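In what follows, every heavy atom counts, from backbone to side chain, and hydrogens, waters and symmetry copies are set aside. Just so you know, residue 1 is the first one in the sequence shown, and it goes up from there. Keep in mind that what you see is a predicted model, and the values were worked out from it rather than measured.
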Amino acid sequence: MMTPFQKFARIFGSIYAVIGVLGFFPILVQPIADTTGLEVVAGYGRLLGIFPVNVTHNLVHLGLGLWGIWAAKSDMASIAFAKANAVLFAALAVLGFIPATGMLFGLAPIYGIDAVLHAATAIVAGYFGYILPTHIHHDTPAAIHH
């Protein structure tokens, strides 16, 4: 049976892997003409007409997704995955909310709704990486006897 940490890693990983793959289908990406501040313009557009993406963004989502699916094999890897993603996505959210860094230094669009999604992801990952492990560790009878 999978633990909550493993479920988080598997679900998060699956969602981000699918998002990463979908971004490579031009029919699903509305082109954006203004590429100001973006050096990597390949695949630049709005995934499903909503989320700004480019090829770099897609590759990162795919990589994070595969990492999550792999991490779901153990609690330790799942918790480490959640912790790393809490920090990563919090940083991406902050950078995405700042107009000067909304294109991640020319590499990928992380502004607008992406910044909001990244902030929400950081909160959820933070819960599974930092809050829930402490709660379970302190509240379970097995933890008390060890």
Side-chain angles (χ1 to χ4, degrees), residues 1-32 34-140 143:
M1 180 173 220
M2 293 183 83
T3 66
F5 311 109
Q6 292 171 302
K7 287 178 186 177
F8 164 76
R10 167 94 29 97
I11 291 167
F12 177 95
S14 297
I15 290 169
Y16 271 84
V18 167
I19 290 169
V21 169
L22 292 178
F24 287 109
F25 288 91
I27 194 163
L28 300 176
V29 180
Q30 270 183 348
I32 300 174
D34 183 6
T35 60
T36 304
L38 190 62
E39 298 296 321
V40 182
V41 296
Y44 182 47
R46 292 192 185 279
L47 178 60
L48 305 175
I50 303 168
F51 304 100
V53 296
N54 71 348
V55 67
T56 305
H57 203 167
N58 298 336
L59 288 171
V60 170
H61 279 176
L62 182 58
L64 287 171
L66 293 175
W67 178 23
I69 293 166
W70 173 84
K73 293 179 181 189
S74 78
D75 269 356
M76 198 165 166
S78 295
I79 292 169
F81 172 75
K83 286 181 176 183
N85 279 284
V87 173
L88 171 68
F89 280 97
L92 289 173
V94 169
L95 290 170
F97 286 124
I98 301 170
T101 54
M103 290 293 197
L104 195 57
F105 312 107
L107 298 174
I110 57 170
Y111 59 84
I113 193 71
D114 264 10
V116 173
L117 182 61
H118 291 159
T121 299
I123 291 167
V124 174
Y127 174 77
F128 283 96
Y130 293 100
I131 296 170
L132 189 59
T134 303
H135 176 74
I136 288 176
H137 175 70
H138 291 298
D139 292 344
T140 58

**Q.** Closest non-hydrogen atom pair, A93 against A115
**A.** CB-O, 3.6 Å
Q) What closest approach, in Å, do K7 and M2 show between heavy atoms, and which atom pair accounts for it? A) CE-O, 3.5 Å
Q: Mind checking the CE-CG spacing from M103 to N54? Nearest 0.5 Å is all I need.
A: 8.5 Å
Q: Considering non-hydrogen atoms only, spot the tightest contact between S78 and Q6 and give its length.
A: OG-CA, 3.4 Å
Q: Please test T101 against V94 for side-chain contact (heavy atoms from CB on, under 4.5 Å), starting from the C-alpha separation and ending with a verdict.
A: CA-CA 9 Å; T101 54; V94 169; over 6 Å; no
Q) Do the non-hydrogen side-chain atoms of K83 and I79 ever get within less than 4.5 Å of each other? A) yes
Q: With side-chain contact (heavy atoms from CB on, under 4.5 Å) as the test, would you mind laying out the steps for W67 and N85 before giving the verdict?
A: CA-CA 11 Å; W67 178 23; N85 279 284; 3.8 Å; yes
Q: Supply the atom-to-atom distance L95 CG to F89 CZ, rounded to the nearest 0.5 angstrom.
A: 12.5 Å
Q. P52 and side-chain contact (heavy atoms from CB on, under 4.5 Å): which partner among L38, L47, V29, D114?
A. D114
Q: Please round to the nearest 0.5 Å and tell me the distance separating atom CG of L22 and atom CG of L28.
A: 6.0 Å
Q.
I'd like to know whether the aromatic ring centres of F12 and F128 sit less than 6.0 Å apart in this structure.
A. no
**Q.** Set of residues satisfying ring-ring contact (aromatic ring centres under 6.0 Å, His included) with respect to F5, sequence neighbours excluded
**A.** none
(Q) Please report the interatomic distance CG(N58) to CZ(F25), rounded to the nearest 0.5 Å. (A) 11.0 Å
Q | L92 side, atom CG; T121 side, atom OG1 - distance, nearest 0.5 Å | A | 9.5 Å
Q: Evaluate whether atom CZ of F24 has more than 12 neighbouring non-hydrogen atoms of other residues, nucleotides or ligands under 6.0 angstrom away.
A: yes
Q | Distance-minimising heavy-atom pair for A86 and A125 | A | N-CB, 3.6 Å
Q: Working to the nearest 0.5 Å, report the span between CD1 of I11 and CD1 of I69.
A: 11.5 Å
Q | Step-by-step side-chain contact (heavy atoms from CB on, under 4.5 Å) determination, V124 to F8 | A | CA-CA 9 Å; V124 174; F8 164 76; 3.9 Å; yes
